[in-house]
S.K.: 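Attaching a single structure in structure tokens format; questions to follow.
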Amino acid sequence: MAIWKPASSIGPQERLGRRLFDEPTLVGATDQAPLKGLNLRHFRDNREPTLSLDRMGRTNVEKQVAKYLNIRGFRAASKRKAAFQGWVEVAAKEITNPAQKGAVSLLVVSSPVHAQPCDMDNNNYHCHVEKPTSPEPYYIELQLRHIFTDRGRIHYSEAPEEVAPEENWFAKATGYIRNCFRRLRRWGT
Amino acid sequence: MTTAALSTFSGIRYTDTHRESDLHVDLLKRYYRMLVFKAPEADLLETPRAHQASLPLWLEDVVRRINDSVAPRGMNEELAGRWLSEPVAEAARQFLLKHASLLPSEPHIYSSADGELVAEFQGRHGMVTSIVSPEFLVLFASVNGHSVYWRSSEDETGSIKALTKMKNMLETGKHGDMETRL
């Protein structure tokens, strides 16, 4: 079955995932019990005022899409120097039209990444939440965490398979010629 | 502890007509001195048991964690979630001392992306999150799918009122008709 090609508009049932990376702990607080829940730092991007998400499937997380995104998650983790744990994912409607009274409806925009020199940095399934400036940024971050905690599911990452180096005809040919020269040199001595 | 001993330790003049409520304030002051200035812990042990019981047992551990996480001088550029600045640590200690009796449990603490202190308190029916900085205080409670948000203003007593409501929500699991933003 072919991999899902997402449309430019995001459907209400689409599963949107926020990547989870290991977050730093305070140097003096290493002896405390682990946090039961999601760290607030997961819901902040350096690139304010947006929050990056991955479109993980039409109505459920799709295996092929998860595989495509998994390797990108590990690549992002190596850049951040933090372990990649997986995603917490919810239906798009929970963000765009939250059920809770008083919660702010947020806009989710499809924003695929295509122009990066390395293909592993491109992402056909990228989208982002537009964070409004009012009410305060912390209100939006806490609301997003509340939605992901209350309505979301954790989708753990899988260790990426070892990618074999590509067979390159030029490398093969130069290797063959180099070997021939070595043999000739040995034969001469 | 005698009033003379109290005067010697804290530098405050005490009279013999010291009332029970004043002793409570004294205890907090000395506790604060112990935690902030790392005064001898033995002094705390001499206080009446009833007063000791009013402060949660985890308070000392949490303040120690905050003290141990204050960045040494010259490390400000490398905060990045592993260190706290001295003003943030000071605001966090004051918050904990002021609201200790209203906080539901020992918090899990960490630094926010902007360097504030985040403290997460687990209750029976949900969680209270506080974000503390010298400039503001944010309180957020989520109880059975319902959330309540409060942010400090000039009103000093507002945080106590908000935390009292949040504590009741966490204990009973009921949010009633509370506004989403207090």
S.K.: Rounded at 0.5 Å granularity, tell me how far CD1 in Ile147(A) sits from OG in Ser142(B).
M.R.: 12.0 Å
S.K.: In terms of hydrophobic clustering (I, L, V, M, F, W, Y; side-chain heavy atoms under 4.5 Å; direct or indirect links), are Leu102(B) and Met127(B) co-clustered?
M.R.: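 No, Leu102(B) and Met127(B) fall in different hydrophobic clusters.
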S.K.: Verify, without hydrogens or angle tests, whether His108(B) (side chain) and Ala33(A) (backbone) share a donor-acceptor contact under 3.5 angstrom.
M.R.: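 It does hold such a pair.
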S.K.: Do the non-hydrogen side-chain atoms of Leu26(A) and Leu117(B) ever get within less than 4.5 Å of each other?
M.R.: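 Counting from C-beta outward, Leu26(A) and Leu117(B) do come under 4.5 Å.
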S.K.: First locate atom CZ of Phe43(A), then atom OG of Ser112(B), and finally report the distance between them rounded to the nearest 0.5 Å.
M.R.: 14.5 Å
S.K.: Quick check: do Val118(B) and Arg41(A) have side-chain heavy atoms less than 4.5 Å from each other?
M.R.: no
S.K.: Below 4.5 Å from any heavy atom of chain B, which atoms of Ala29(A) appear? Answer side chain, backbone, both or neither.
M.R.: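 It is both, since atoms from each part get that close.
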S.K.: Hey, what do you get for CG (Asp114(B)) to CZ (Arg44(A)), rounding to the nearest 0.5 Å?
M.R.: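 That separation rounds to 4.0 Å.
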S.K.: Linking I/L/V/M/F/W/Y whenever any side-chain heavy atoms sit under 4.5 Å apart, do Val62(B) and Leu137(B) land together?
M.R.: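 Shared cluster, yes.
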S.K.: Gly28(A) and Arg64(B): which non-hydrogen atoms are nearest, and at how many Å?
M.R.: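 For Gly28(A) and Arg64(B), the tightest heavy-atom pair comes out as O-NH1, 4.4 Å.
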S.K.: Salt bridge check: are Glu120(B) and Arg145(A) linked by an N-O gap of less than 4.0 Å?
M.R.: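 Salt bridge present between Glu120(B) and Arg145(A).
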S.K.: Keeping Tyr110(B) on the side-chain end and Leu40(A) on the backbone end, is there a donor-acceptor pair under 3.5 Å?
M.R.: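 Judged by distance alone, yes, a pair lies under 3.5 Å.
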S.K.: Between Asp150(A), Thr30(A), Thr149(A), Asn39(A), which shows the greatest number of heavy-atom pairs under 4.5 Å with chain B?
M.R.: Asn39(A)
S.K.: Are the side chains of Val138(B) and Glu141(A) in touch, meaning some heavy atoms are under 4.5 Å apart?
M.R.: no
S.K.: Decide if atom CD of Glu130(A) counts as having more than 12 heavy atoms of other residues, nucleotides or ligands within a radius under 6.0 Å.
M.R.: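 More than 12 heavy atoms, drawn from other residues, nucleotides or ligands, come within 6.0 Å of this atom.
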S.K.: Is there a path of hydrophobic side-chain contacts, each under 4.5 Å between heavy atoms, that joins Met56(A) and Leu16(A)?
M.R.: no
S.K.: How long is the straight-line distance from CD1 of Ile109(B) back to OG1 of Thr25(A), given to the nearest 0.5 Å?
M.R.: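 If I round to the nearest 0.5 Å, the distance is 10.0 Å.
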S.K.: Aromatic rings Tyr138(A) and Phe136(B): how do their planes relate, parallel, tilted or perpendicular, breaks at 30° and 60°?
M.R.: tilted
S.K.: Does Val63(B) share a hydrophobic cluster with Val70(B), counting links as ILVMFWY side-chain heavy atoms below 4.5 Å and allowing steps through other members?
M.R.: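 Hydrophobic grouping puts Val63(B) apart from Val70(B).
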S.K.: Shared ILVMFWY cluster between Phe95(B) and Leu97(B), side chains joined below 4.5 angstrom?
M.R.: yes
S.K.: At what distance, to the nearest 0.5 angstrom, does CZ of Arg65(B) lie from CD of Gln32(A)?
M.R.: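 Rounded to the nearest 0.5 Å, the CZ-CD separation comes to 5.5 Å.
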